[in-house]
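Before any comments, here is the structure.
As the structure is a prediction and not an experimental result, all values here were calculated from the model. Positions are given from 1 along the sequence.
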Amino acid sequence: MLIARFATAAPVTALDLPLPDSDALAHSARLSRLIHEQIAAAGGAIAFSRFMELALYAPGLGYYSAGASKFGSEGDFVTAPELGPIFAACTAQALAPALQQIGPQARLLELGGGTGAFAEVALKRLLELDALPDRYAILEPSAQLRERQRERLMQRLAPPLFELVEWLDGPFGDEWEGVVFANEVIDALPTPRFGIRDGEVYEEHVTSDGERFARELRPADGFLANAVGHIERGLQRRFADGYRSEVLPQLPYWIQAVSGGLRRGALLFADYGYARGEFYAPERDDGTLRAYYRHRVHGEPLLWPGLQDITASVDFTALAEAGVAAGFDLAGYCSQASFLLGNGLDGVLKRIESIADPVEKQRRLNEVKKLTLPSEMGERFQVMGLQKDVELGVAFMVGDLSHRL
């Protein structure tokens, strides 16, 4: 059974995981050597966030930089756009009014394009809604995924639609108007880990004995300590000794970077996570960090660098704060189920009922269940919109949870 990256399965240990083949292990060994060398050069330890950055993004070796399959049955997890067309079609319907408000010069920037499934469906749906952007750009760091996206879209889009698509190495460098969309991107940002010891803030580091990696706490710098202090003030309580979790103090700078010269438009993020009070609940005392390998979730992020995904849930309160600091207003925040229900899912269900092929009809119904049931992706995934001189709030008319932030 395919699992999405929130995974509700029981904890898995390394002994429960299928062993990688010899080529994959050799690839991981090369990346491990690089990380061991960096740890040695740094004096014996690097911040966990640096380990995560290398494991995921080291050129030619990291999980997202190398060529291994990541999505679907041959990969390690499944995302909402890969389940079928429903998520992308509803998201396109949510974004259409903002694109129409901006007019013919509007652009759409997708961060991380997966297999190209989202772009394919979104462009077709935006065409139906008379809301096509002037340019559809995909910011994709993986050369292998870029090629996969290009092949898919070339085969499945009519030439006028395909000609709108371009691939970028970074955000737009000029001033522009339009929309930024990211599905399951923030969870893969390299995240610092903090721990509390004797009332003080420490940062989790990765050490090496030349063969194996280990995690240990070292005193945090002022930047991280201040970020943890900000969280505690918002919660109106101190973290208990022994508490560990994640925090992204760099999130405001990341928002500013990806929105680039966006002078008018909207940002839309879908990811698994929580409002701050739930993210840092006292009982969640080891954070949300986890790894994914061959559709199994486990708690050993140092295992097989380059062969597994490493993620942490999103603090949506921090995301709202970062967006406001970057000059945006909060448009809305809700569960994925509410978002889909408010943006065309009822019409999708009517079309499913008219499908004559019973196999295809059941496949689409299963897709709806996976996307919306609380025990699946419906409540565990959240959607947040941020806006600047456009109105995106109508997309959050159903089940807005902004009061929880």
Side-chain angles (χ1 to χ4, degrees), residues 2-6 8 71 78-101 108 110 114-132 179 181-185 266-273 314 316 330-387 390-402 404:
L2 300 184
I3 62 172
R5 279 200 290 180
F6 63 85
T8 57
F71 306 97
V78 62
T79 64
E82 313 300 329
L83 289 172
I86 295 172
F87 176 83
C90 292
T91 301
Q93 184 162 320
L95 293 176
L99 293 168
Q100 290 166 332
Q101 289 169 55
L108 200 161
E110 182 184 359
T115 64
F118 180 87
E120 175 197 344
V121 176
L123 281 165
K124 291 176 179 177
R125 182 62 179 144
L126 290 171
L127 175 62
E128 294 172 350
L129 296 169
D130 193 26
L132 277 178
V179 171
F181 171 70
N183 179 63
E184 294 198 53
V185 171
L267 313 178
L268 187 68
F269 299 101
D271 224 312
Y272 48 87
V314 175
F316 276 93
L330 178 65
Y333 164 63
C334 65
S335 70
Q336 179 173 285
S338 294
F339 179 78
L340 297 177
L341 286 167
N343 291 283
L345 185 59
D346 54 344
V348 170
L349 290 170
K350 291 176 182 177
R351 289 192 291 275
I352 290 174
E353 286 302 316
S354 67
I355 295 175
D357 181 351
V359 175
E360 178 61 18
K361 183 175 182 178
Q362 189 59 51
R363 182 182 295 118
R364 296 282 75 85
L365 288 173
N366 289 341
E367 181 185 348
V368 172
K369 291 178 181 178
K370 188 78 172 179
L371 291 169
T372 60
L373 286 179
S375 60
E376 298 285 351
M377 302 173 77
E379 300 297 327
R380 300 174 187 277
F381 278 72
Q382 314 287 307
V383 183
M384 177 171 283
L386 298 157
Q387 59 191 23
V390 298
E391 177 53 53
L392 190 66
V394 68
F396 298 90
M397 292 292 287
V398 175
D400 185 59
L401 299 174
S402 298
R404 292 189 180 179

Looking only at non-hydrogen atoms, find the nearest pair between [X] and [Y] and report the distance.
X	Y	answer
Arg380	Pro374	NE-O, 3.9 Å
Leu129	Ala96	CD1-CB, 3.8 Å
Arg364	Leu83	NH2-O, 3.7 Å
Met384	Leu330	CG-CD1, 3.9 Å
Asn183	Ala80	ND2-N, 4.3 Å

**Request:** Hey, could you give me the CD/CG distance between Glu110 and Leu268, rounded to the nearest 0.5 Å?
**Result:**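 Reported value, rounded in 0.5 Å steps: 11.0 Å.
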**Prompt:** Rounded to the nearest 0.5 Å, how far does OG1 of Thr115 lie from CD of Glu120?
**Reply:**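 Result: 8.5 Å between the selected atoms.
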Is [Y] close to [X] at the side-chain level, that is, under 4.5 Å between some pair of heavy atoms?
X	Y	result
Leu373	Glu379	no
Leu349	Asp346	no
Leu340	Phe381	no
Leu108	Leu126	yes
Leu123	Leu132	yes
Val314	Gln382	no
Pro81	Val121	no

Looking only at atom types and distance, does a side-chain atom of [X] sit under 3.5 Å from a main-chain N or O of [Y], one as donor and one as acceptor?
X	Y	answer
Gln387	Leu392	yes
Glu391	Gly393	yes
Ser338	Ser335	no
Asp271	Val185	yes
Gln101	Pro97	yes

List the atom pairs, with distances to 0.1 Å, where a side-chain N or O of residues 85-94 and a protein N or O form a donor-acceptor pair under 3.5 Å, not counting sequence neighbours.
from  : atom 1 : to     : atom 2 : distance (Å)
Thr91 : OG1    : Phe87  : O      : 2.8
Gln93 : OE1    : Arg125 : NH2    : 2.9

**Request:** Kindly state whether the ring of Phe181 and the ring of Phe118 have centres lying under 6.0 angstrom apart.
**Result:**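 Ring-ring flag for Phe181/Phe118: true, centres closer than 6.0 Å.
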**Ring centroid separation Phe396 to Tyr333 under 6.0 Å** =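 Between Phe396 and Tyr333, the centre distance exceeds or equals 6.0 Å.
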**Request:** Might you confirm whether atom CG of Asp130 has over 12 heavy atoms from other residues, nucleotides or ligands at distances under 6.0 Å?
**Result:**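 No - once you tally the heavy atoms of other residues, nucleotides and ligands closer than 6.0 Å, there are 12 at most.
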**Prompt:** Does a donor on one side chain sit under 3.5 Å from an acceptor on the other, for Gln336 and Thr372?
**Reply:**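 No, Thr372 and Gln336 have no side-chain donor paired with an acceptor closer than 3.5 Å.
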**Request:** Output yes when Arg363 and Glu367 qualify as a salt bridge under the 4.0 Å nitrogen-oxygen rule, no when they do not.
**Result:**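 A salt bridge is absent here (no side-chain N lies under 4.0 Å from a carboxylate O).
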